[in-house]
Amino acid sequence: MLKLTDKQALEFGIQPVHHQMDNGELRFRLTRDTGSSYILTLSAEQSGWQSSHVHHQKREFYIVEQGWIVIALRQSEQLTFRRLGPDDSFMLPPGLPHNVYLSEGTVLHTVKYGCSDPDWEAAPELDDQLRHETFDDKTFLTSEPSVK
C-alpha cells in the first residue's frame, strides 16, 4: 500500500479542511471539488447546538460512533426531534431546515453529497426556536421521532 500525500490527493480534487467551530467542536473534513465531503466531528466539552441551516440540493448522512445527538427538523412549521445513539444513522433529504445537538463526548461522522454549488443557507428562525432547548435530562423514544 502506498501512502498518498495531500498534494497527490489534490490532483483528484480532494483536500483536507479542518476547523474548530465557535461552539468549541472540532471538525476534520475531506472535501472534493464535486461538493461532496466527509466530516469527523468531535463534540465540544459542553453539549450544545450547531448552527441551524438548510441545504437545497445536498443530502447529509449522519452516523453516531460515540455519545448521542438530537437532530431538529422543521417541516411546514412543525418541529420534530430525532435522537440518535451509537451505531444509529440518519439520512437527511435536501430542503429541510435542521440543526444538530451534540452531547458531550460525541463522535459523529457526516457525509454530504448531491451538488457542487455552495448549498448552505442559514436558518436563523430555527436557531431562535431552539435557543433554550437542551436534551441532557430528557428522554426520547429510540425508534420513532418525538414531536414537540
Side-chain angles (χ1 to χ4, degrees), residues 1-6 9-10 12-75 78-115 118-124 126-148:
M1 178 171 34
L2 175 66
K3 183 177 178 180
L4 299 176
T5 65
D6 288 347
L10 192 56
F12 294 95
I14 299 169
Q15 63 181 334
V17 181
H18 311 306
H19 295 99
Q20 181 171 10
M21 307 306 287
D22 291 341
N23 65 2
E25 70 186 38
L26 302 175
R27 292 191 190 175
F28 302 92
R29 300 175 192 253
L30 283 180
T31 63
R32 188 166 178 223
D33 57 8
T34 61
S36 63
S37 63
Y38 161 78
I39 306 160
L40 169 65
T41 302
L42 306 178
S43 67
E45 292 181 9
Q46 290 185 350
S47 300
W49 289 106
Q50 296 181 336
S51 295
S52 296
H53 62 282
V54 62
H55 302 281
H56 296 285
Q57 297 176 27
K58 283 189 181 171
R59 297 181 180 280
E60 287 184 281
F61 184 65
Y62 297 98
I63 305 162
V64 178
E65 178 181 334
Q66 176 181 309
W68 57 268
I69 67 170
V70 173
I71 300 175
L73 305 169
R74 195 179 75 227
Q75 298 174 289
Q78 183 177 11
L79 195 55
T80 303
F81 297 101
R82 176 76 185 249
R83 185 185 189 279
L84 303 176
D87 299 325
D88 289 339
S89 61
F90 184 77
M91 175 64 79
L92 181 67
L96 289 179
H98 61 281
N99 199 337
V100 179
Y101 183 90
L102 279 79
S103 67
E104 179 182 348
T106 294
V107 177
L108 177 65
H109 303 270
T110 308
V111 176
K112 297 183 182 188
Y113 65 97
C115 77
D119 189 41
W120 191 97
E121 180 182 328
L126 182 55
D127 278 334
D128 291 342
Q129 286 181 284
L130 298 173
R131 189 173 316 281
H132 301 291
E133 286 285 353
T134 60
F135 297 98
D136 297 295
D137 298 321
K138 293 186 180 179
T139 302
F140 286 82
L141 299 173
T142 56
S143 60
E144 296 294 322
S146 58
V147 177
K148 179 180 175 186

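As the structure is a computational prediction, the values presented were derived from the model and not from experiment.
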### Message
For a quick check under 3.5 Å, do E121 and H53 share a side-chain donor-acceptor pair by atom type?
### Response
no

### Query
What's the spacing between Q75 CD and T80 OG1 if we round to 0.5 Å?
5.0 Å

### Y113 OH to Q57 CD distance, which is reported to the nearest 0.5 Å
13.5 Å

#### Entry: Full working for side-chain contact (heavy atoms from CB on, under 4.5 Å) between M91 and R59
CA-CA 7 Å; M91 175 64 79; R59 297 181 180 280; 4.1 Å; yes

### Task
Indicate whether any N or O donor in one side chain lies under 3.5 Å from an N or O acceptor in the other, for H109 and Y62.
no

### Query
Between S52 and L130, which heavy-atom pair has the shortest distance, and what is it?
OG-CD1, 4.0 Å

### Over 12 non-hydrogen atoms of neighbours within 6.0 angstrom of CD in Q46
no

### Message
With rounding to the nearest 0.5 angstrom, report the CZ to CG distance, R27 to L108.
### Response
9.0 Å

### Task
Could you tell me whether the side chain of L84 reaches within less than 4.5 Å of the side chain of S89, counting heavy atoms only?
no

### Query
Just wondering, do W68 and S43 contact through their side chains at under 4.5 Å, heavy atoms?
no

### Query
Does any non-hydrogen side-chain atom of Y101 lie less than 4.5 Å from one of T106?
no

### Summary
Looking only at heavy atoms, the pair that brings Q66 and G105 closest together is NE2-O, 2.9 Å

### Note, H55 side chain near P94 side chain (heavy atom, < 4.5 Å)
no

### Query
Under 4.5 Å between any side-chain heavy atoms of F61 and L92, yes or no?
no

#### Entry: H98 and its side chain to side chain contact (heavy atoms under 4.5 Å, CB included) partner, picked from R82, E60, Q50, R74
E60

### Query
F90 and L73: side-chain contact (heavy atoms from CB on, under 4.5 Å), yes or no, with the steps?
CA-CA 12 Å; F90 184 77; L73 305 169; 3.8 Å; yes

### Query
Parallel under 30°, tilted from 30 to 60°, perpendicular over 60°: which one fits the rings of W49 and F81?
tilted

### Task
Find out whether L79 and L126 are in side-chain contact, i.e. whether some heavy atom of one side chain is under 4.5 Å from a heavy atom of the other.
yes

### Message
Please enumerate all residues that pass side-chain hydrogen bond (donor to acceptor under 3.5 Å, both in side chains) together with K58, with sequence neighbours excluded.
### Response
none

#### Entry: Residues in side-chain hydrogen bond (donor to acceptor under 3.5 Å, both in side chains) contact with N23, at least two apart in sequence or another chain
E25

### Task
Could you tell me whether the side chain of L102 reaches within less than 4.5 Å of the side chain of S47, counting heavy atoms only?
no

### Message
Please evaluate residues N99 and D127 with respect to the criterion side-chain contact (heavy atoms from CB on, under 4.5 Å), reporting the C-alpha separation (whole Å), side-chain torsions for both, the decisive distance (0.1 Å), and the verdict.
### Response
CA-CA 8 Å; N99 199 337; D127 278 334; 3.3 Å; yes

#### Entry: For G67 against V64, the heavy-atom pair lying closest together
O-CG1, 3.5 Å

#### Entry: Over 12 non-hydrogen atoms of neighbours within 6.0 angstrom of CG in D128
yes

### Task
Taking the side chain as every heavy atom from C-beta outward, state whether V70 and V100 have any pair of such atoms under 4.5 Å apart.
no

### Message
Please identify which of these residues, I39, T41, T110, L40, meets the side chain to side chain contact (heavy atoms under 4.5 Å, CB included) condition with R29.
### Response
I39

### Query
Which residues pass the ring-ring contact (aromatic ring centres under 6.0 Å, His included) test with F28, sequence neighbours left out?
H18

